[in-house]
J.: 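Could you have a look at this structure, given as structure tokens, before my questions?
Quick note: residue numbers are just sequence positions, from 1. As the structure lists them, so they are numbered: ligands from 1, and atoms in each ligand from 1. Computed from a predicted model, the values in this text were never measured in an experiment.
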Amino acid sequence: MLFHVTMQVNLPPDMPKPEADNIKACEKAYAQDLMRKGKWPHIWRVAGRYANVSIFDVADNDELHALLSGLPLFPWMDIQVTPLAQHPSAL
Ligand SMILES: O=C(O)CC1=CCC(=O)O1
């Protein structure tokens, strides 16, 4: 199942930089592991925002929730999920 996911990151401005840098490094490693496994085939930066638009390819809602809630940045994210279905005009 494919899901369109928007993640808005809201790190507190007063978080110490070393702590923020460590969380971001953990996030990158976690994300790239899922990308190598084919679970996270697309990620794009939203221009002008600390946000991304991603496509997840997972078995079901429960797998998506498990992957998203495991994100190191999850406690500081607003996440919007849109389930995707086949479009009848798609080739
Ligand atoms: O920077 C972001 O958009 C948050 C993020 C998700 C995966 C990753 O590597 O960074």
J.: Are L71 and V81 connected into the same hydrophobic cluster when the rule is that any two of I, L, V, M, F, W, Y join if their side-chain heavy atoms are below 4.5 Å apart?
T.: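 The answer is yes; both residues are in one hydrophobic cluster.
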J.: Specify side chain, backbone, both or neither for W44, according to which of its non-hydrogen atoms lie closer than 4.0 Å to ligand 1.
T.: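 Answer for W44: neither.
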J.: Where on K24 is there a heavy atom closer than 4.0 Å to ligand 1, on the side chain, on the backbone, on both, or on neither?
T.: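 It is neither; nothing of K24 touches ligand 1.
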J.: Identify the closest protein heavy atom to atom 8 (C) of ligand 1: which residue and atom is it, and at what distance?
T.: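 The protein heavy atom lying closest is E27 CG, 3.5 Å.
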J.: Same cluster or not: are I43 and F74 linked, directly or through other Ile, Leu, Val, Met, Phe, Trp or Tyr residues, by side-chain heavy atoms under 4.5 angstrom apart?
T.: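 Both belong to a single hydrophobic cluster.
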J.: Nearest protein heavy-atom contact for atom 4 (C) of ligand 1: which residue, which atom, what distance?
T.: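 For atom 4 (C) of ligand 1, the nearest protein heavy atom is N52 ND2, 3.7 Å.
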J.: Is there a donor-acceptor pair under 3.5 Å between the side chain of W40 and the backbone N or O of H42?
T.: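 Checked: pair present.
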J.: Take every heavy atom of F74, measure it against each atom of ligand 1, and state whether any distance is under 4.0 Å.
T.: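 No, that is not the case, since the closest heavy atom of the residue is not under 4.0 Å from the ligand.
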J.: Heavy-atom distances under 4.0 Å are what count here, so tell me which part of L71 touches ligand 1: side chain, backbone, both or neither.
T.: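 None of L71 does.
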J.: Of the side chain and backbone of Y50, name the one, both, or neither that has a heavy atom under 4.0 Å from an atom of ligand 1.
T.: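 Side chain only.
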J.: Any atoms of ligand 1 less than 4.0 Å from a non-hydrogen atom of W40? List them with their elements.
T.: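 Atoms satisfying the 4.0 Å criterion: 6 (C), 7 (C).
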J.: CD of Q80: more than 12 outside heavy atoms within 6.0 angstrom?
T.: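 Counting other residues, nucleotides and ligands, CD of Q80 stays at 12 neighbours or fewer.
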J.: Check whether Y50 reaches the backbone of L11 with its side chain - one donor and one acceptor, N or O, closer than 3.5 Å.
T.: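 No, the answer is negative, given that no donor and acceptor are paired below the 3.5 Å cut-off.
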J.: I'd like to know if the side chain of R45 and the backbone of A51 have a donor-acceptor N/O pair within less than 3.5 Å.
T.: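 Indeed, once roles are kept as given, a pair shorter than 3.5 Å links the two residues.
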J.: Under a 4.0 angstrom heavy-atom cut-off, which atoms of ligand 1 come close to A31?
T.: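 The list of qualifying atoms is 7 (C), 9 (O).
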J.: Looking only at N/O atoms, are R45 and ligand 1 under 3.5 Å apart anywhere?
T.: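 For ligand 1, there is an N or O atom that lies under 3.5 Å from one belonging to R45.
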J.: Does E63 reach the main-chain N or O of A59 with its side chain, forming a donor-acceptor pair under 3.5 Å?
T.: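 Yes, because the side chain of E63 sits within donor-acceptor range (under 3.5 Å) of the backbone of A59.
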J.: Name the closest protein heavy atom to atom 9 (O) of ligand 1, giving the residue it belongs to and the distance to 0.1 Å.
T.: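 Checked against all protein heavy atoms, atom 9 (O) of ligand 1 sits closest to K28 CA, 3.6 Å.
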